[in-house]
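Because only heavy atoms are used, hydrogens play no part in the values below, and waters and symmetry mates are left out as well, while side chains stay in.
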Amino acid sequence: MTIPSAIASFAVVAGLLTIIPGLDTALVLRSAASRGRRHAFATALGISTGALAWGAAAAGGATALLTVSHGAYTVLRIAGAVYLVWMGVGMLRSLRREQVLAVRQDPQSARLSGSYLRGLTTNLLNPKIGVFYTAMLPQFIPPDASHLAMGLLLALVHDIEGLVWFALLILGAQQIGALLRRFKLSRRAVRRSMDGVTGTVLIGFGLELALSDH
């Protein structure tokens, strides 16, 4: 396997996994619908940074700890599950705070760093991403290539694919938002709907992560 063929093969596999709806997709769409394009891109960038960090750790061999140490994997898994459930419950609880929501009429005033950190933290606390990279990257590294350099390159390819996919989602969400406003649906109504859906999804992912051993 040559380096170009390895990159091409990995790009196909990673691309298929990227477009499968999941936690990252839910977070980006929620940011796009509730806070606008800039916050959605900040969330996507945070997610991509987290994925790249996992890729770098896998390339360096650090994530091998998760595959051999059940205790380390369990600690990170429970921490990630608690974080996801906490975020989901917070979104559902916000639906009942009508007075607070009424004060926050301009979601654009929220800091972009908050959206970035939300995406970053969500990925860093998901051990399954690290296990995925640990299992997948070695299969696409040619014998004569530098393990670290090639691993980082493959992780970067996956990151670029993710950012392109997120950009398409964000632009599509903006078009859908414009269509909904034509039907007299306010941004607040859209935000509340997305908070309800995303909060439920986050709790579901959190519970699934907590109950999964692998």
Side-chain angles (χ1 to χ4, degrees), residues 14-15 17-54 79-98 100-126 128-129 158-183 185-209:
L17 292 175
T18 297
I19 63 177
I20 296 176
L23 174 61
D24 295 346
T25 300
L27 287 176
V28 171
L29 289 177
R30 188 257 178 181
S31 292
S34 63
R35 292 187 172 179
R37 184 178 300 179
R38 295 173 63 219
H39 282 275
F41 276 113
T43 301
L45 186 59
I47 291 171
S48 297
T49 304
L52 189 60
W54 275 119
V82 170
Y83 179 72
L84 292 177
V85 172
W86 174 75
M87 278 203 306
V89 171
M91 290 180 186
L92 295 181
R93 290 182 62 188
S94 70
L95 298 177
R96 303 182 62 181
R97 299 197 200 108
E98 296 292 339
V100 176
L101 287 172
V103 172
R104 286 191 283 170
Q105 294 178 352
D106 184 15
Q108 299 286 351
S109 62
R111 292 185 177 182
L112 292 174
S113 60
S115 296
Y116 173 83
L117 290 175
R118 187 175 295 110
L120 174 64
T121 306
T122 299
N123 251 17
L124 290 181
L125 288 178
N126 189 351
K128 291 188 175 182
I129 299 177
H158 190 195
D159 240 27
I160 293 173
E161 289 181 328
L163 286 174
V164 171
W165 175 244
F166 288 144
L168 293 175
L169 288 178
I170 293 168
L171 295 176
Q174 291 293 306
Q175 296 299 322
I176 294 174
L179 179 63
L180 292 176
R181 284 191 290 274
R182 289 184 181 181
F183 289 97
L185 290 177
S186 66
R187 179 181 287 273
R188 179 183 171 191
V190 175
R191 181 175 68 247
R192 284 172 55 79
S193 298
M194 286 303 300
D195 279 354
V197 172
T198 308
T200 303
V201 169
L202 291 179
I203 293 174
F205 272 108
L207 293 177
E208 190 273 338
L209 184 60

Under the side chain to side chain contact (heavy atoms under 4.5 Å, CB included) test, residues paired with [X] that sit two or more places apart:
X: Asn123; answer: Asp24, Ile47, Ala51, Ile129
X: Thr121; answer: Tyr83, Leu125
X: Val82; answer: Ile78

Listed partners of [X] passing side-chain hydrogen bond (donor to acceptor under 3.5 Å, both in side chains), at least two apart:
X: Ser115; value: His39
X: Thr49; value: Tyr116
X: Thr18; value: His158

Atom [atom1] of [X] and atom [atom2] of [Y]: how far apart are they, to the nearest 0.5 Å?
X: Arg38; Y: Ser31; atom1: CZ; atom2: OG; result: 13.0 Å
X: Ile170; Y: Thr43; atom1: CD1; atom2: OG1; result: 8.0 Å
X: Leu169; Y: Thr25; atom1: CG; atom2: OG1; result: 5.5 Å
X: Phe41; Y: Leu112; atom1: CZ; atom2: CG; result: 12.0 Å
X: Leu17; Y: Trp165; atom1: CG; atom2: CH2; result: 13.0 Å

Min side-chain heavy-atom separation Ile19-Glu161 under 4.5 Å: no

Please give me the minimum heavy-atom distance between Leu163 and Ser48, naming the atom from each residue. CD2-OG, 3.1 Å

